[in-house]
Each structure stands twice: as C-alpha cells, then as structure tokens.
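See structure below.
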Amino acid sequence: MRIDEIIATSGGEPVFSFEFFPPKTDEGERNLRETLEDLRAFDPDFVSVTYGAGGSTRNRTVELTHWIKRDLGIEAMAHLSCVGSTREDLQEILAGMERAGIENVLALRGDPPRGETEWRPHPGGLSYSTELASLIGENYPFSVGAACFPEVHPQAPNLASDLHFLKQKVDAGASFLITQLFFDNELYFRFVEEARAIGIDVPIIPGVMPITDVGQIKTITGMCGATIPDRLMAALDWRSTDPEAVLQLGVAYATLQCAELLARGAPGIHFYTLNRSPATRAILSALRLLQPWVRREVVRTA
Ligand code: FAD
C-alpha cells in the first residue's frame, strides 16, 4: 500500500515506521532478516531501507525492501539517492523497484563522498532531490517521500532558504516528509509551523533515534548536524562508563520525546533503529499502552 494512503486512512492513529540499513555481509543480512521477522509482532505501518553512498549494499536495498514486503507482509519503502548515478542509472533502478512491486520511495540527494564537504552532482546525474522527486512523479507510480531538517540542512544558508527548496520538493511530488533526527521537540514544532506558513501542507513525520551509545550518538550528530541539548549531553557524559545506564536513559528520553510529539499532533514516529530494534520495541510498546495521541483528543474536546 502507498504510504500517503496509509497516512490518509489512519483515522488519526499515528503511523509508526522503523528504518534499517542493508548490512555489508551475508551474516549481517541473515541477522537483520531475523530481526525483521521478529518485528512483525509489533505491527509497524511500514519499514524503510536506506540506500548506501556506493558499493555493494545498494543492490541490497531493493532486494531487502522487496523481501520485507513480499515475504514478511510488512509495507516497505526503499530509499534512493542521486549520489554516483546518471539519470539513466536512476531510471534503471526505479524500473527494477517497480518490477519488484515496491510502491514507496524516499527521494534523496545524498551526501558528498567522505572527505568532501561540497556537493557535486554526478556528470549526467541529478543535482537535488527535487529533480529525483520529479523524475519519479512523472514516470513511475510510487508514493514519494522526502527528507527535511528541523535544525536546517547543514549546507543551507538559513531556514528560509531550506524551506523554500522544501516547498519545491513537495510541489514536485513528495507527498510526505520525514525529519532528520532531533532531541528537542520545540525544534520540530517550530519547523512544522514555519513549513505550514509557506504552504507546505503534507504530513511531516518526526524521525527519532533512541540513544543507545554515547560515542555513537556523538559521531552521528556530528555528521548530520543535529544538536544534543546540553542537559541531555551532561546526563549522557555522566553515565558514559556505564553502557546499561546510557541505554536506560536513552530509552526513557526517547519514550517521553515521542509521547510529547504524539500528544501535540505529530502524525507518527519514524524510528532510526541502526539495525538494533530492542530499544525501539520497548518505546513503541509503551506508546501503544499509553496512547498519548488519545489524550490529545481529550485535551481538544475539554
Ligand atoms: P536536497 O533536498 O537536495 O537538499 C540538499 C541541500 O540543497 C539543502 O541545503 C537544500 O536547501 C538545498 N537545495 C535544494 N534544492 C536546491 C536548489 N534547487 N538550488 C539550490 N539549493 C537547493 N542519505 C543517503 O545517502 N541514503 C539514505 O538512505 C538516506 N536516508 C535519509 C533519510 C532521512 C529521513 C533523512 C532526513 C536523510 C537521509 N539521508 C540519506 C541523508 C540525506 O541524503 C542528506 O541529508 C543530504 O545531505 C540531503 O538530502 P536531501 O534529499 O534533503 O537533499
């Protein structure tokens, strides 16, 4: 089923999704497939599979997405970036996705290769995700999603410029957006408000990453430009020699973060799992028990 339809027909229930990346080895892929099989019991609305910056894992994106949808019966979305591909290469990949019965694609530009800071499109390729969204919208039957950045994309000069191009991306056919990870919900709510003010009216699903390891989250936020609030950073540093305590804090923090997002109107949560789902499963289980989105209705009618 198309994700835009899943959201439109959810009847106010939040849409929960899990993101995974294709492992580099066969053993890693076997482990991931077991994780995904177990995930069925948690009934996610969809699972998404990232697209590597290059190399062998790229083919695995389509294979894994196809397998999740066909064999597990979970709706799935393949990510696709413009990095290292000509327009024709992208058309070939998209045709393969269509043959595989995939219905959802996250259209991305991708990042410059490691060591380079400036984005240069591949010769004969596409410059921005908007062009990929147009290419898909004009030629393929997919539901197209795209990325957005509550803390402003690291290469954008400011929020106004980033939102201007985000609007173009939506006009080109992106029918839902997934945010970069963030840890301060006010960033998300402000971003949504600014986006609505310039006419971006598609669902904006917050992307949440439960912190499970201090070193790892510092590396990831350093790369993607997300900030960790000082008080959270201090609490993590204080526990940095106790991995279990970090994990417990990470799960507790993300659960409260998601509860507030849903209580204040977010259409769902996209979990960045880093291929390890126990933390996400615990958070999702607590959310389903607590149902903060139902309390939202009570507040509204009170
Ligand atoms: P774009 O929308 O093209 O924007 C990039 C920059 O260009 C922004 O600063 C924007 O303001 C600016 N811009 C846009 N259009 C124009 C224009 N016409 N003229 C001038 N400037 C313009 N990366 C991967 O490699 N694989 C993945 O699977 C992957 N999955 C992701 C999933 C999510 C939910 C998110 C949030 C990110 C993901 N990324 C992935 C990372 C993403 O590719 C990078 O963050 C990348 O730097 C930006 O991608 P984009 O699609 O938002 O780019």
Side-chain angles (χ1 to χ4, degrees), residues 2-4 7 17 19 21 46 48-54 58 61-62 65 77-98 102-113 116-182 191-192 194-195 198-207 223-226 270 272:
R2 293 166 60 98
I3 291 170
D4 49 9
I7 301 171
S17 51
E19 180 176 304
F21 59 83
F46 68 93
S48 83
V49 184
T50 66
Y51 188 74
R58 285 187 152 188
T61 299
V62 177
T65 310
M77 172 167 74
H79 297 203
L80 179 63
S81 85
C82 307
V83 173
S85 297
T86 61
R87 173 181 278 269
E88 290 69 31
D89 295 335
L90 292 167
Q91 283 169 321
E92 208 173 296
I93 297 166
L94 288 161
M97 289 180 180
E98 192 179 353
I102 292 168
E103 292 181 77
N104 302 289
V105 178
L106 193 70
L108 300 149
R109 187 198 72 178
D111 283 317
E116 287 178 33
T117 49
E118 212 169 300
W119 164 253
R120 280 189 210 88
H122 188 271
L126 308 182
S127 298
Y128 296 105
S129 64
T130 301
E131 294 171 26
L132 183 56
S134 298
L135 176 73
I136 298 173
E138 285 160 16
N139 300 284
Y140 303 90
F142 305 120
S143 162
V144 182
C148 64
F149 299 82
E151 295 190 65
V152 185
H153 183 264
Q155 282 145 23
N158 52 49
L159 177 64
S161 160
D162 211 18
L163 282 173
H164 168 79
F165 291 122
L166 185 62
K167 173 85 167 61
Q168 285 188 359
K169 192 149 73 173
V170 170
D171 291 344
S175 58
F176 60 97
L177 300 170
I178 301 181
T179 76
Q180 184 57 279
L181 59 100
F182 59 90
F191 178 78
V192 171
E194 300 276 344
I198 63 154
I200 296 171
D201 55 6
V202 297
I204 301 179
I205 304 175
M223 276 169 12
C224 74
H270 183 72
Y272 293 106

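Numbering starts at 1 and runs along the sequence shown.
Using cut-offs of 30° and 60° on the angle between ring planes, the pair His153 and Phe149 is perpendicular.
No more than 12 heavy atoms of other residues, nucleotides or ligands sit less than 6.0 Å from atom CZ of Arg87. The number of heavy-atom neighbours closer than 6.0 Å to CD of Gln155, taken from other residues, nucleotides and ligands shown, is above 12.
The heavy-atom pair separating Phe182 from Pro150 by the smallest distance is CD2-CG, 4.0 Å. The shortest heavy-atom contact between Thr50 and Thr61 is O-OG1, 2.7 Å. Closest approach of Asn104 to Phe142, counting heavy atoms only: N-CD2, 4.3 Å. Minimum interatomic distance between Leu132 and Leu108 (heavy atoms only, all atoms of both residues): CD2-O, 3.5 Å. Taking all atoms of both residues into account, the shortest heavy-atom contact from Trp119 to Ser127 is NE1-O, 2.8 Å. The shortest heavy-atom contact between Tyr272 and Gln180 is OH-CA, 3.8 Å.
For the pair Glu131/Leu135, no side-chain contact is recorded, criterion being any heavy-atom separation below 4.5 Å from C-beta on. Residues Glu103 and Ser143 are not in side-chain contact: their nearest non-hydrogen atoms beyond the backbone lie 4.5 Å or more apart. Between His79 and Glu19, some side-chain heavy-atom pair lies under the 4.5 Å cut-off. Under the 4.5 Å side-chain criterion, counting only non-hydrogen atoms from C-beta, Leu90 is in contact with Leu126. Contact check for Ile136 versus Leu94: side-chain heavy atoms found under the 4.5 Å cut-off. Under the 4.5 Å side-chain criterion, counting only non-hydrogen atoms from C-beta, Leu163 is in contact with Glu194. Contact of the Met77 side chain with the Ile3 side chain is registered, since non-hydrogen atoms from C-beta on lie closer than 4.5 Å.
Of the possible donor and acceptor atoms, one in the side chain of Tyr140 sits under 3.5 Å from a partner among the backbone N and O of Gln91. A donor-acceptor pair under 3.5 Å is formed between the side chain of Arg2 and the backbone N or O of Pro141. A donor-acceptor pair under 3.5 Å is absent between the side-chain atoms of Ser17 and the main chain of Phe46, judged by distance alone.
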Subject >> Step-by-step side chain to side chain contact (heavy atoms under 4.5 Å, CB included) determination, Ile93 to Tyr51 >> reply: CA-CA 12 Å; Ile93 297 166; Tyr51 188 74; 3.3 Å; yes
Without placing hydrogens or testing angles, list every side-chain donor-acceptor pair under 3.5 Å for residues 168-177, not counting sequence neighbours.
{"residue": "Lys169", "atom": "NZ", "partner": "Ser129", "partner atom": "OG", "Å": "3.3"}
{"residue": "Lys169", "atom": "NZ", "partner": "Ala147", "partner atom": "O", "Å": "2.9"}
{"residue": "Asp171", "atom": "OD1", "partner": "Lys167", "partner atom": "NZ", "Å": "3.2"}
{"residue": "Asp171", "atom": "OD2", "partner": "Lys167", "partner atom": "NZ", "Å": "3.1"}
{"residue": "Ser175", "atom": "OG", "partner": "Asp4", "partner atom": "OD2", "Å": "3.3"}
{"residue": "Ser175", "atom": "OG", "partner": "Val144", "partner atom": "O", "Å": "3.4"}

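With values rounded to the nearest 0.5 angstrom, Asp111 atom CG is found 8.0 Å from Met223 atom CE. Taken from OG in Ser48 to CD1 in Ile178, the straight-line distance is 6.0 Å, to the nearest 0.5 Å. To the nearest 0.5 Å, atom CD1 of residue Ile205 and atom OG1 of residue Thr179 are 9.5 Å apart.
With no hydrogens or angles considered, no side-chain donor-acceptor pair links Ser161 and Asn158 at under 3.5 Å.
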